[in-house]
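Take a look at the structure below.
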Amino acid sequence: MSTAALTTQGDTIVFPEPLIRARIVRRPNRFIIDADVDGTGNETACHCPTTGRIGNLVLDGLDCLLSRSRNPARKTPYTVEAVSVDAPGTGRPAWIGINQSAVNRYVEQALVHHLLPKIVTAHTVLREQPLGSSRLDFLVDDDTYVEVKTPLDNLQVALGDHVRTRPSPPLASTDRLVKHIGELGRGLKAHQRAVLLVCFLYDNPGFQVRPSSHHDEVRASVAQAVQDGVEIWQVNFRLDTTGVRVARHRDLTGRFRS
DNA sequence: ACTCGGCTCTTAGATTGCTT
DNA sequence: AAGCAATCTAAGAGCCGAGT
């Protein structure tokens with residue numbers, strides 16, 4: 001699904017072709033997920049688009065959804081778009097989308113087609129626009145900057161007994177994100193808005209901030225950014241084999257005031 | 001002929017988890 | 001502790017053709 005065009009019909013962002021269900025065999029490295037695509041036990045190397053870890057899951061044995069790539073230059077014919085922590089073979093599993101770069105395309109569709117009405121109803125949407133010393137994902141109607149984040153390192157879902165986990169590492173860097181937010185606030189002119197979209201490609205009931213070693217410091221700089229006018233919104237998407245819908249979106253800004 | 005524009009193709013860089 | 005893996009993007013190189 002890397003370059004394939006998305007369309008939107010009503011409230012649904014539609015995949016160009018339906019995703020394919022498969023079972024994960026293993027993840028040998030950062031980029032590859034070996035999957036059994038047709039249930040025969042044959043393994044196919046699929047691209048893993050996730051930039052970091054997926055919760056602390058061991059993916060082996062979990063069901064997943066694949067998109068077929070039509071790029072002939074690719075070595076892997078499929079991209080893993082989602083995984084499920086439900087028991088393998090479950091009838092209608094809850095999917096957890098893992099393609100963070102695809103989220104930007106979903107958000108673009110959502111903006112253009114007014115699927116986030118509480119935030120903004122866009123007339124024009126520009127991508128990758130500079131603000132201060134950074135580039136923000138979108139500039140909407142010349143006055144609203146939108147930055148998309150899709151955290152996957154701490155999945156906030158219940159795990160059944162069949163799911164194995166690995167020990168969680170000491171939680172590296174929310175640092176870059178915080179720095180980004182800070183710059184966002186400082187670069188803002190009076191008539192402009194900046195919106196940080198915290199996106200989930202699954203049903204996350206309430207975004208929780210996990211305490212880190214320098215939690216207070218982080219809270220302080222985020223609070224400062226909020227003071228400077230940055231808004232923080234949570235967007236839950238719901239993904240199935242045919243497309244993506246906005247399940248809900250809500251304003252979290254108040255939680256980050258000091 | 002020479003230059004400039006536009007197009008295409010190539011290449012370098014960024015992106016880290018997992019296994020041995 | 002070290003090496004491996006694939007994709008996307010941006011920037012650069014190279015090429016061809018047209019216009020002056």
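Proteins come first, then strands; the chains are lettered A, B, ... in the order of their sequence lines, and each starts at number 1. Owing to the predicted nature of the structure, the values given are computational and were not obtained by experimental measurement.
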Rounding to a whole Å, what distance do you find between [X]:[atom1] and [N]:[atom2]?
X         : N       : atom1 : atom2 : result
Arg164(A) : dG17(B) : CZ    : C1'   : 20 Å
Asn29(A)  : dT15(B) : CG    : C1'   : 13 Å
Asp60(A)  : dT19(B) : CG    : C1'   : 12 Å
Arg30(A)  : dT20(B) : CZ    : C1'   : 20 Å
Ile33(A)  : dC18(B) : CD1   : P     : 9 Å
His47(A)  : dT7(C)  : NE2   : P     : 6 Å
Asp153(A) : dT16(B) : CG    : P     : 11 Å
Asn99(A)  : dT7(C)  : CG    : P     : 13 Å

Given DNA chain B, 5'-ward residue of the pair Ile54(A) and Phe31(A), judged by closest heavy atom: Phe31(A)
By nearest heavy atom, map Arg26(A) and Thr51(A) onto DNA chain B; which one lands nearer the 5' end? Thr51(A)
Are [X] and [N] close enough that a side-chain N or O sits under 4.0 Å from OP1 or OP2?
X         : N       : value
Arg27(A)  : dT19(B) : no
Arg74(A)  : dT7(C)  : yes
Thr76(A)  : dT7(C)  : yes
Asn71(A)  : dA6(C)  : no
Arg166(A) : dC18(B) : yes

So do the side chains of Asp63(A) and Trp95(A) get within less than 4.5 Å of each other, counting heavy atoms only? yes
I'd like to know whether Thr253(A) forms a side-chain hydrogen bond (donor to acceptor under 3.5 Å, both in side chains) with Glu231(A), so could you lay out the CA-CA distance, the side-chain angles of the two residues, the decisive distance to 0.1 Å, and finally the verdict. CA-CA 5 Å; Thr253(A) 311; Glu231(A) 302 166 31; 5.4 Å; no
Sidechain N-carboxylate O distance under 4.0 Å for Arg245(A), Asp240(A): yes
Determine, stepwise, if the pair Ile232(A) / Val226(A) fulfils side chain to side chain contact (heavy atoms under 4.5 Å, CB included). CA-CA 8 Å; Ile232(A) 301 173; Val226(A) 167; 4.1 Å; yes
Nearest 0.5 angstrom please: Leu62(A) CG to Asp86(A) CG, how far? 9.5 Å
